[in-house]
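Chain letters run A, B, ... following the sequence lines, proteins first and then strands; every chain starts at 1.
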There are 2 protein chains.
Amino acid sequence: MAEVAKYVGVSAMTVSRAFRQDASVSEETRKRIMEAVDALGYVLDLSAGSLSSRRSGFIAALVPSINNSNFSDTARGITDALENTGLQLLLGYTDYSAEKEEKLIEAMLRRRPEGVILTGGSHTDRARRMLDKAGIPVVETWELPEEPINHVVGFSNSEAMSLLVRTLASQGYRKFGYIGGTTARDTRGSQRRSGFLKTVEELGLGPGRAISFGVPPITMEQGGQAIVSLLERWPDTEVVLCVSDLSAFGAIMECKRRGMSVPGDIAVAGFGDYEISSICHPSITTINVDCYGIGRQAAARLLDALQGSGEATGDEITLTGYRVVLRESTDRSGAS
Amino acid sequence: MAEVAKYVGVSAMTVSRAFRQDASVSEETRKRIMEAVDALGYVLDLSAGSLSSRRSGFIAALVPSINNSNFSDTARGITDALENTGLQLLLGYTDYSAEKEEKLIEAMLRRRPEGVILTGGSHTDRARRMLDKAGIPVVETWELPEEPINHVVGFSNSEAMSLLVRTLASQGYRKFGYIGGTTARDTRGSQRRSGFLKTVEELGLGPGRAISFGVPPITMEQGGQAIVSLLERWPDTEVVLCVSDLSAFGAIMECKRRGMSVPGDIAVAGFGDYEISSICHPSITTINVDCYGIGRQAAARLLDALQGSGEATGDEITLTGYRVVLRESTDRSGAS
DNA sequence: AGGCAGGATGATATCGATAACAAGTTGGAA
DNA sequence: TTCCAACTTGTTATCGATATCATCCTGCCT
């Protein structure tokens with residue numbers, strides 16, 4: 001920077017100011033500085049700047065898996081919301097592990113992010129302490145934690161699944177099956193499962209028929225294996241709800257491979273409204289979640305908190321919408 | 001850090017050394033320091049450290065889209081390869097735009113990354129100049145650029161597609177169609193297309209029948225629309241190759257929706273070997289690409305370059321493998 | 001005893017920007 | 001004419017760590 005300053009014949013401070021929009025530098029000087037910057041190929045060094053201004057310009061975000069398009073949509077929402085704010089996203093993925101999350105949180109905090117976005121509300125004690133000590137806004141997303149750290153942007157996975165059960169029950173389905181994991185690792189999955197079981201019970205539709213598969217991340221293949229087990233055990237099942245569209249897709253394809261008709265022989269529904277579900281034949285009934293919006297809103301809450309940092313408005317909960325999308329895979333007229 | 005130092009009764013320098021493994025600090029002192037760190041909840045500030053050590057600890061990586069599982073696999077490969085190296089990934093996505101890439105490169109360089117990983121070989125002049133000036137190792141991935149900046153980890157998309165055409169031709173297919181974009185934005189897509197056209201020509205199978213769809217990112221829906229156009233225009237097409245499994249999947253589902261059998265009435269193949277292709281019914285013939293390996297190797301090349309920074313071994317090209325995966329969607333016995 | 005290698009620790013300057021305050025200019029109001 | 005506001009620019013200290021060199025100690029070799 002000193003080099004640029006000398007080249008133009010001003011002080012380094014003036015060059016520094018020229019890089020910010022608000023600073024008072026005459027238009028002419030700024031132009032000359034920018035020409036020099038271009039000529040010299042100078043690139044601003046933010047790490048030095050962030051040290052003195054105590055603003056790193058980072059936002060840290062942790063998602064369970066980057067390969068899951070629901071979460072990458074959220075990441076995209078965050079990035080888009082951060083555009084032109086001068087903030088940059090530091091993205092990490094936890095592999096659905098609270099221990100890995102803890103390590104990542106520590107690694108992220110070493111970069112002094114101005115805010116943190118997490119997925120879910122299940123964290124190690126140490127992670128909570130570190131976040132607390134950091135004194136920066138934290139947003140938990142994708143679910144409604146019982147003990148929120150700070151802000152929350154999400155929805156009740158349990159109620160969303162419940163809504164799907166009720167909707168399908170109102171269409172006449174009675175014998176419900178469920179496919180999904182049980183591990184504590186995927187808390188959203190567990191919540192969906194318990195929402196399913198609770199609602200089936202409430203509707204007086206007997207104990208729910210639930211099959212588990214291995215640990216997250218959810219794969220399509222698991223869905224195929226699971227529906228086979230489920231139908232072996234409870235052959236008269238009418239409709240199978242899956243923790244995710246990915247497993248629903250796997251389940252449907254496996255059925256077709258075995259010559260069964262969906263929804264003729266068995267109806268299937270998913271969760272998440274992935275692109276695949278609207279394209280698949282039969283198209284898949286699912287819960288649409290505003291993944292992108294979760295990201296945008298989480299970032300927006302963070303930006304709010306950073307702006308009016310004076311008066312913390314307390315822990316806010318921003319509910320994001322979801323809706324049942326009925327498609328061919330649960331169509332009672334039974335085409336396909 | 002000064003706080004920790006005072007608490008333990010040593011100098012800040014000793015605390016700093018305790019955080020690195022190689023430094024000479026007595027085991028006992030280190031233990032006391034770490035206890036203090038724990039007690040005080042101190043978290044190391046890397047931004048300060050990187051300023052004085054001139055090592056940011058960042059690796060920048062740009063991918064066209066984070067929602068595409070091929071690229072997120074690559075990102076995962078990079079992250080995994082970087083584990084325990086003390087380097088952190090700064091991830092950005094360019095939306096298939098060279099202009100956005102240029103902006104991102106500038107934003108990344110402001111963080112003084114120690115290396116950069118790019119997707120493809122198509123960059124703006126200014127981007128090239130900035131990277132040049134930065135004097136850090138650069139790895140271009142996923143294709144073989146005509147004018148590499150520095151290192152390359154990838155494969156020839158054109159030859160891979162050519163291999164697929166030849167393989168299918170050897171199975172007796174004669175009338176080849178192709179679905180994919182033409183825009184310069186997706187250079188890998190263009191290369192696959194030209195590989196297709198060239199090979200069909202070489203095999204004496206008449207001019208290739210190619211349909212284009214809109215701009216990237218590739219969607220499943222585009223595949224469905226495209227195959228309809230293609231079959232309207234050339235109804236006797238026997239096999240359709242798609243720029244990506246995603247469009248192949250869309251195409252297949254659209255065919256089934258219209259009552260056509262795949263591969264009975266029309267065979268379809270994709271590119272990329274996404275999870276969906278092995279699960280889908282019919283399973284989809286495709287080219288398997290080592291997405292994860294591209295990431296790992298790109299990171300490995302970068303680490304090599306950072307280690308032996310003394311003698312630049314010049315621009316190296318690391319070829320990554322690909323292979324044809326024949327599946328049901330092009331099975332000549334024509335089940336399904 | 002003297003000397004020296006080698007391990008452990010401390011003191012100081014420094015990385016490259018920005019915060020905070022100081023100071024020079026210009027133009028218009030009193 | 002005088003003075004002050006508003007704008008522009010410069011000076012100095014500082015952010016929090018690390019590089020580098022200096023220092024101190026211990027123990028062993030000659």
Side-chain angles (χ1 to χ4, degrees), chain A residues 1-34 36-37 40-58 86-88 106-107 109-114 133-136 309, chain B residues 1-34 36-37 40-58 86 88 106-107 109-114 133-136:
Chain A
M1 181 176 267
E3 207 178 320
V4 176
K6 195 186 294 179
Y7 186 95
V8 182
V10 296
S11 73
M13 196 60 234
T14 305
V15 177
S16 170
R17 279 196 268 253
F19 271 103
R20 264 180 298 300
Q21 75 288 29
D22 58 279
S24 57
V25 179
S26 75
E27 218 28 73
E28 203 248 326
T29 311
R30 163 174 282 125
K31 212 179 111 227
R32 275 179 31 232
I33 289 174
M34 285 314 170
V37 165
L40 296 172
Y42 169 73
V43 176
L44 189 62
D45 187 331
L46 289 184
S47 62
S50 63
L51 183 58
S52 81
S53 66
R54 293 124 169 299
R55 296 198 49 222
S56 67
F58 282 125
L87 289 166
Q88 186 170 18
E106 181 166 21
L109 288 181
R110 290 183 169 189
R111 301 288 183 181
R112 297 290 184 268
E114 301 180 33
K133 188 114 207 298
I136 53 178
S309 58
Chain B
M1 181 176 268
E3 208 178 320
V4 175
K6 194 185 297 177
Y7 186 95
V8 182
V10 297
S11 74
M13 196 59 235
T14 304
V15 176
S16 170
R17 278 195 269 254
F19 270 103
R20 268 182 299 297
Q21 75 287 32
D22 59 279
S24 57
V25 179
S26 75
E27 218 29 72
E28 201 248 329
T29 311
R30 162 174 283 126
K31 211 178 112 232
R32 275 181 30 233
I33 289 174
M34 285 312 169
V37 164
L40 296 172
Y42 169 74
V43 176
L44 190 62
D45 187 331
L46 288 182
S47 62
S50 64
L51 183 57
S52 82
S53 66
R54 292 125 169 297
R55 295 199 49 221
S56 67
F58 282 125
Q88 185 169 21
E106 181 165 20
L109 288 180
R110 290 184 169 186
R111 301 288 183 180
R112 297 290 184 268
E114 301 180 32
K133 187 116 207 300
I136 54 178

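A 4.5 Å side-chain heavy-atom check between B:M1 and B:Y42 finds at least one atom pair inside the cut-off. Taking 4.5 Å as the limit, some side-chain heavy atom of A:V10 sits within range of a side-chain heavy atom of A:T29. At a threshold of 4.5 Å between non-hydrogen side-chain atoms, the residues A:I136 and A:E114 do not count as touching.
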Original post:
Taking protein heavy atoms under 4.0 Å as touching, what does nucleotides 7-13 of chain D look like 5' to 3' if B marks base contact, S marks sugar-phosphate-only contact and - marks none?
Top reply: -BBBB--
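No donor-acceptor pair closer than 3.5 Å links the side chain of B:R111 to the backbone N or O of B:S56. Remark: the backbone N or O of B:L46 is not paired with any side-chain donor or acceptor of A:R110 at under 3.5 angstrom. Using a distance-only test at 3.5 Å, with no hydrogens or angles considered, a donor-acceptor pair links the side chain of B:R112 to the main chain of B:L109.
The two residues B:L40 and A:K133 have their closest heavy-atom pair at O-NZ, 2.8 Å.
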Show me the protein contacts with nucleotides 15-17 of chain C, counting only N or O atoms at under 3.5 Å.
{"from": "C:dC15", "atom 1": "O2", "to": "B:S52", "atom 2": "N", "distance (Å)": "3.1"}
{"from": "C:dG16", "atom 1": "N2", "to": "A:A48", "atom 2": "O", "distance (Å)": "3.1"}
{"from": "C:dA17", "atom 1": "OP1", "to": "A:Y42", "atom 2": "OH", "distance (Å)": "2.3"}
{"from": "C:dA17", "atom 1": "OP1", "to": "A:D45", "atom 2": "N", "distance (Å)": "3.3"}
{"from": "C:dA17", "atom 1": "OP2", "to": "A:M1", "atom 2": "N", "distance (Å)": "2.9"}

**OP:** Could you walk me through whether A:S47 and A:S50 pass side chain to side chain donor-acceptor pair (under 3.5 Å), step by step?
**Re:** CA-CA 5 Å; A:S47 62; A:S50 63; 5.9 Å; no
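If you measure from atom CD of A:E28 to atom P of C:dT25, you get 17 Å, rounded to the nearest angstrom.
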